[in-house]
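Presented below is the structure to which this report refers.
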Amino acid sequence: SSSAPSVGHCNTMGTASSMNIMAEALGVTIPGLAGTPAPDSRLLEGAHESGRLAVDLVRQGKSISSVITRASFHNAIVTLAAIGGSTNAVVHLLAIAAEARIDFTLGDIDTISRRTPQLADMKPAGRYMMRELHLAGGVPAVMRELLGAGLLHGGALTITGRTIAEQINSFAAGEPHPVLRTAANPVKQRGGYAILTGSLAPDGAVTKIANEARMHLRASLKPLIVMNAEVAKHFVADRFSSPGPDSTAELSPGDAAMLR
């Protein structure tokens with residue numbers, strides 16, 4: 001009951017939670033729903049409202065690409081960095097930017113994350129769950145703090161026709177809770193992402209560094225195993241189907257593998 005208090009998607013700051021929050025911060029969903037617990041009746045109301053909005057946009061000949069700008073992507077990464085979001089959200093956000101023909105790169109993400117404080121203390125790296133963030137005011141509360149700190153583009157338009165600042169300020173404050181800190185007293189001064197470059201990732205790679213004070217990184221003297229996707233598939237299949245001492249895919253504690 002503590003690890004899975006209700007139905008729904010991941011109750012930590014995993015991929016599903018991060019993607020919901022990314023969409024709301026980007027301004028392309030009905031606001032205030034990201035991270036809402038699955039049994040909450042407001043999700044059903046939001047589903048009906050989303051359907052009505054989609055039909056209205058079709059009638060008006062509008063699409064997401066007619067609304068989102070570079071400022072929208074800036075807001076999305078600021079919010080993700082502040083909550084310690086999943087690295088998968090970054091990959092998808094870059095794909096959306098490419099589809100929308102908006103110049104937004106890993107370099108932009110690194111710059112933004114470096115100057116964005118981490119405000120949310122969320123599992124798996126931190127202490128709290130999605131329910132606590134919801135009670136503390138959810139995404140609007142996070143973005144209100146970021147807006148007040150001058151870290152968001154409040155004038156960026158959203159799919160509802162309002163600006164992101166208008167949407168944020170339309171929500172009441174949540175309950176005070178240690179899951180959400182202020183910009184003046186953050187979980188840590190730097191946001192949850194770092195971009196790495198080097199021989200293993202010449203085009204760059206994204207890593208999550210949220211709550212890194214609680215993470216213990218250890219250098220290994222063993223060589224790093226680097227595999228492409230096809231090799232990795234057979235490697236994993238071999239490892240778990242024949243993990244005996246004669247297996248060619250045998251791993252031992254302390255080994256490190258990277259998928260390229």
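Any value given below was found using the heavy atoms of this structure, including those in side chains, with hydrogens, waters and symmetry copies removed.
For the residue pair I30 and S50, the shortest heavy atom distance occurs at CG1-OG, 3.3 Å. Nearest heavy-atom pair, G154 versus L147, reported as atom, atom and distance to 0.1 Å: CA-CD1, 3.8 Å. Between I168 and P140, the shortest heavy-atom distance links the atoms CG2-O, 3.7 Å. When all heavy atoms are compared, the tightest approach of L152 to M143 is CD1-O, 3.4 Å. Annotation for G35 and H134: closest pair O-CB, 3.8 Å, computed over non-hydrogen atoms. Heavy atoms only, all atoms of each residue included: P117 and L151 are closest at CD-CD1, 3.6 Å.
Checking side-chain atoms of E24 against main-chain N and O of L26 turns up no donor-acceptor pair under 3.5 Å. No donor-acceptor pair closer than 3.5 Å links the side chain of S18 to the backbone N or O of G85. With hydrogens and angles disregarded, no donor-acceptor distance shorter than 3.5 Å links the side chain of N185 to the backbone of R181. In this structure, the side chain of K208 engages the main chain of G84 through a donor-acceptor pair within 3.5 Å. Using modelled atom types, no side-chain atom of T116 and backbone atom of V78 make a donor-acceptor pair closer than 3.5 Å. In this structure a side-chain-to-backbone donor-acceptor pair under 3.5 Å is present from D110 to I195. A side-chain donor-acceptor contact under 3.5 Å links T111 to the backbone of G107.
Considering L80, L94, L93 in turn, L94 is the only one that fulfils the side chain to side chain contact (heavy atoms under 4.5 Å, CB included) rule with I109.
Atom CD1 of residue I112 and atom CG of residue N75 lie 9.0 Å apart, to the nearest 0.5 angstrom. Considering CG of L146 and CD1 of I83, their distance stands at 10.0 Å, rounded to 0.5 Å.
Partners of N88 according to the side chain to side chain donor-acceptor pair (under 3.5 Å) rule, which considers only residues two or more places apart in sequence or in another chain, are T15. Looking at residues two or more places apart in sequence or on another chain, you find a side-chain contact (heavy atoms from CB on, under 4.5 Å) between A194 and R190, T207, I209. The side-chain contact (heavy atoms from CB on, under 4.5 Å) search around L135 returns R131, E175, not counting sequence neighbours. Looking at residues two or more places apart in sequence or on another chain, you find a ring pair (Phe, Tyr, Trp, His ring centres under 6.0 Å) between H177 and Y128. Scored by the side-chain contact (heavy atoms from CB on, under 4.5 Å) test, Q189 finds P186 as partners (sequence neighbours excluded). Residues passing the ring pair (Phe, Tyr, Trp, His ring centres under 6.0 Å) test with Y193, sequence neighbours excluded: none. By the side-chain contact (heavy atoms from CB on, under 4.5 Å) test, L57 is found to be paired with L53, K62, I159, residues two or more places apart in sequence or in another chain being considered.
Counting heavy atoms from C-beta on, the side chains of L180 and V142 come closer than 4.5 Å. In this structure, L119 and V187 have side chains that are not in contact, with every pair of non-hydrogen atoms separated by 4.5 Å or more. Taking 4.5 Å as the limit, some side-chain heavy atom of P31 sits within range of a side-chain heavy atom of T160.
In the hydrophobic clustering of this structure, I64 groups with I77; members are Ile, Leu, Val, Met, Phe, Trp, Tyr whose side-chain heavy atoms approach within less than 4.5 Å, directly or through other members. Taken together through direct or relayed side-chain contacts under 4.5 Å among Ile, Leu, Val, Met, Phe, Trp and Tyr, I102 and V67 form part of one hydrophobic cluster. A single hydrophobic cluster is not seen to contain both F171 and M130; linkage of ILVMFWY side chains at heavy-atom distances under 4.5 Å, directly or through other members, places them apart.
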Could you walk me through whether K123 and M13 pass the side chain to side chain contact (heavy atoms under 4.5 Å, CB included) test, one step at a time? CA-CA 6 Å; K123 288 182 180 293; M13 194 51 66; over 6 Å; no
So M122 and M129, side chain to side chain contact (heavy atoms under 4.5 Å, CB included) or not? Walk me through it. CA-CA 6 Å; M122 300 288 300; M129 312 281 274; 5.7 Å; no
Step by step, would you call S170 with R162 a side chain to side chain contact (heavy atoms under 4.5 Å, CB included)? CA-CA 11 Å; S170 68; R162 295 184 294 175; 3.7 Å; yes
Starting from the C-alpha separation in whole Å, work towards a yes-or-no answer on side chain to side chain contact (heavy atoms under 4.5 Å, CB included) for M22 and I96. CA-CA 11 Å; M22 180 196 79; I96 296 170; 3.8 Å; yes
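Listed by first and then second residue, the side-chain hydrogen bond (donor to acceptor under 3.5 Å, both in side chains) pairs involving residues 94-108 are R70-D108, T105-D108 (not counting sequence neighbours). Pairs of residues two or more places apart, or lying in two chains, that qualify as ring-ring contact (aromatic ring centres under 6.0 Å, His included) and include a residue from residues 87-112 are F73-F104. The salt bridge (Lys or Arg N to Asp or Glu O under 4.0 Å) contacts involving residues 40-60 comprise D40-R42, where partners must be two or more places apart or lie in separate chains. The side-chain hydrogen bond (donor to acceptor under 3.5 Å, both in side chains) analysis of residues 137-156, with sequence neighbours excluded, yields no pairs. Counting only residues at least two apart or in different chains, ring-ring contact (aromatic ring centres under 6.0 Å, His included) contacts with residues 45-68 are absent.
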